Novice: 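Shown below is the structure under consideration.
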Amino acid sequence: YKISFKVKETPDTLPPTISTEKPETYLPYNAVSGELKVIGDELLDECKYSFSSSVQYDLMQDSFSYCEPFDVGTTQYYCETAITGLDSSEDQNLYIKCKDHYGNKNTFDLTHLFVKSPSKLEITSSAPADGTVIKKNNNEPINLNVNTLGGSEAGMTNCKYEFLGTGLGDNFPDNPGTSHTLSLTANLASRDYTIQFSCNDRAGNSAINKTKITVERDRTAPIVTRVSKEGSGIKFTTNEESVCYYDNATLPSCSFIANENYTTKIDSIYSSSHNLNIDSAKTYYIKCKDAFDNVNSQCAVIVNGADFN
């Protein structure tokens, strides 16, 4: 047996179910307009909005600019528009109703909140400081830091850094936050660099700060260029500013560690001129270290005190 039925299509008498992607829209500081999209469960013929609640659909004065499907073959549809005339000084509710393709209208409001930004977004500090000279003898990391305040969420931002003109840059790994820090390891040549810090919050507030740094590279330990007698001691010169150390308590050797914890420090500051009082009965094994932390692996000079008696 074969049984068939004719089914009469029931007319659609239900209003569309509508929603927004998020219950609120965050606005940039001093903004008086914002984009809004309303999503429907069926084809939307028209949507309207009001700044007052419970206004009947036909009495609403402002309409969305256009409505169309998300994509052919889907069952989800939307209307969108630019909402103008918003109050930049306080948060504001918007009340929305829509009509479907069959003329069914919403009787209850969909409420959407526009959240103002209380203040502009600011970068309060960044590091390295402008004018910093960074001395590197290898690929020692450069510490980057940027701190933000204001905007839509008290400085909560996503930030990135960029060494302008080099292609080097990326987002900070600790986004989002109010303080961003990165220990950056990069093979930077000796030259001047401009680092740009760019931060944005969820409302679209943005802030930019630039700082100029100089990278100086040196991978060579200091060289002693001259030794002479001066008074009861010696004076020796290095080819660059350095601090020097000596050891005369060991067997003849240059294997000591150039550090004040293990040997005697000659200088209190980095200098290319060094003075040392000596005992003619002793031999002084001397190493030097420059501002880039390059240190002699062997002695920079060995001074026999008897030679300068």
Side-chain angles (χ1 to χ4, degrees), residues 15-42 44-70 76-100 104-126 146-160 171-172 174-180 197-209:
T17 299
I18 58 175
S19 62
T20 53
E21 294 173 307
K22 294 181 179 180
E24 69 283 313
T25 296
Y26 285 83
L27 297 173
Y29 180 61
N30 276 341
V32 292
S33 64
E35 298 292 325
L36 183 62
K37 178 184 289 185
V38 173
I39 302 166
D41 66 337
E42 59 179 311
L44 299 174
D45 190 57
E46 183 185 43
C47 288
K48 293 184 176 182
Y49 66 91
S50 172
F51 292 108
S52 300
S53 64
S54 302
V55 178
Q56 291 184 12
Y57 182 86
D58 292 330
L59 299 180
M60 286 179 159
Q61 299 296 312
D62 297 301
S63 298
F64 278 60
S65 57
Y66 66 92
C67 300
E68 61 178 310
F70 270 124
Q76 209 170 37
Y77 306 91
Y78 73 92
C79 296
E80 62 182 351
T81 194
I83 307 297
T84 59
L86 294 169
D87 190 336
S88 64
S89 63
E90 61 182 22
D91 299 347
Q92 195 167 10
N93 279 319
L94 192 75
Y95 303 96
I96 306 157
K97 290 184 174 76
C98 294
K99 179 176 66 174
D100 66 16
N104 301 304
K105 306 166 187 174
N106 293 124
T107 56
F108 296 101
D109 294 322
L110 169 65
T111 303
H112 187 81
L113 178 64
F114 284 92
V115 183
K116 72 178 184 69
S117 294
S119 61
K120 66 179 182 179
L121 181 65
E122 296 181 80
I123 293 177
T124 56
S125 64
S126 61
V146 60
N147 297 292
T148 49
L149 184 68
S152 62
E153 294 181 288
M156 184 68 66
T157 54
N158 291 302
C159 293
K160 63 181 181 180
N171 295 317
F172 278 88
D174 51 7
N175 285 331
T178 59
S179 182
H180 307 273
F197 298 101
S198 304
C199 299
N200 298 275
D201 65 19
R202 67 186 300 175
N205 295 294
S206 61
I208 293 176
N209 188 40

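Sequential numbering from 1 along the given sequence is applied to the chain's residues. Small disclaimer: the values here were computed from a predicted structure and weren't measured.
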Novice: Quick one: pull up SG in Cys47 and CD1 in Ile39 and give me the separation to the nearest 0.5 Å.
Specialist: 11.0 Å

Novice: Are Leu94 and Phe51 packed together at the side-chain level, in the sense that at least one heavy-atom pair is separated by less than 4.5 angstrom?
Specialist: yes

Novice: Taking all non-hydrogen atoms of both residues, which atom of Lys48 and which atom of Ser63 are closest, and how far apart?
Specialist: CG-OG, 3.6 Å

Novice: Are Ile123 and Cys199 packed together at the side-chain level, in the sense that at least one heavy-atom pair is separated by less than 4.5 angstrom?
Specialist: yes

Novice: Within the side chain of Glu24, is there an N or O that forms a donor-acceptor pair under 3.5 Å with the backbone of Val115?
Specialist: no

Novice: Return the minimal non-hydrogen interatomic distance between Pro118 and Gly151, and the atom names on each side.
Specialist: CD-O, 3.2 Å

Novice: Is any side-chain heavy atom of Phe64 less than 4.5 Å from a side-chain heavy atom of Ile96?
Specialist: yes

Novice: Between OG1 of Thr157 and CD of Glu122, what distance do you get to the nearest 0.5 Å?
Specialist: 12.5 Å

Novice: Roughly how far, to the nearest 0.5 Å, is SG of Cys67 from CG of Leu44?
Specialist: 5.5 Å

Novice: I need the Ile83 CD1 to Phe114 CZ distance, nearest 0.5 Å.
Specialist: 5.0 Å

Novice: Taking the side chain as every heavy atom from C-beta outward, state whether His112 and Thr25 have any atom pair closer than 4.5 Å.
Specialist: yes

Novice: Can you find a pair of side-chain heavy atoms, one from Leu110 and one from Thr20, that are under 4.5 Å apart?
Specialist: yes

Novice: Side chain to side chain donor-acceptor pair (under 3.5 Å) with Asn175: which residues, sequence neighbours excluded?
Specialist: His180

Novice: Looking just at side-chain N and O atoms, do Ser179 and Asn147 make a donor-acceptor pair shorter than 3.5 Å?
Specialist: yes

Novice: Can you give each donor-acceptor pair under 3.5 Å made by side-chain atoms of residues 27-35, sequence neighbours left out, with the distance rounded to 0.1 Å?
Specialist:
none

Novice: What's the shortest heavy-atom distance between Ser206 and Asn200, and which atoms?
Specialist: CB-OD1, 3.0 Å

Novice: Indicate yes or no for a side-chain donor-acceptor contact from Ser50 to the backbone of Ser52 under 3.5 Å, with no hydrogens or angles considered.
Specialist: yes

Novice: Using a strict threshold of under 4.0 Å (side-chain N to carboxylate O), is an ion pair present between Lys105 and Asp58?
Specialist: yes

Novice: Side chain of Asp201, backbone of Ser152: donor and acceptor closer than 3.5 Å?
Specialist: yes

Novice: Looking at every non-hydrogen atom in both residues, tell me the closest pair between Lys160 and Asn171 and how far apart they are.
Specialist: CB-OD1, 3.5 Å

Novice: Taking side chain to side chain donor-acceptor pair (under 3.5 Å) as the definition, give me every residue that meets it alongside Thr178, ordered by chain and number, with sequence neighbours left out.
Specialist: none

Novice: Under a 4.0 Å threshold between the charged nitrogen and the carboxylate oxygen, would Asp109 count as salt-bridged to Lys97?
Specialist: yes

Novice: Measure the shortest side-chain to side-chain distance between Pro15 and Asp100 over non-hydrogen atoms and say whether it is less than 4.5 angstrom.
Specialist: no

Novice: How far does CD1 of Ile18 sit from CG of Asn106, to the nearest 0.5 angstrom?
Specialist: 4.0 Å

Novice: I need the Thr111 OG1 to Tyr49 OH distance, nearest 0.5 Å.
Specialist: 15.5 Å

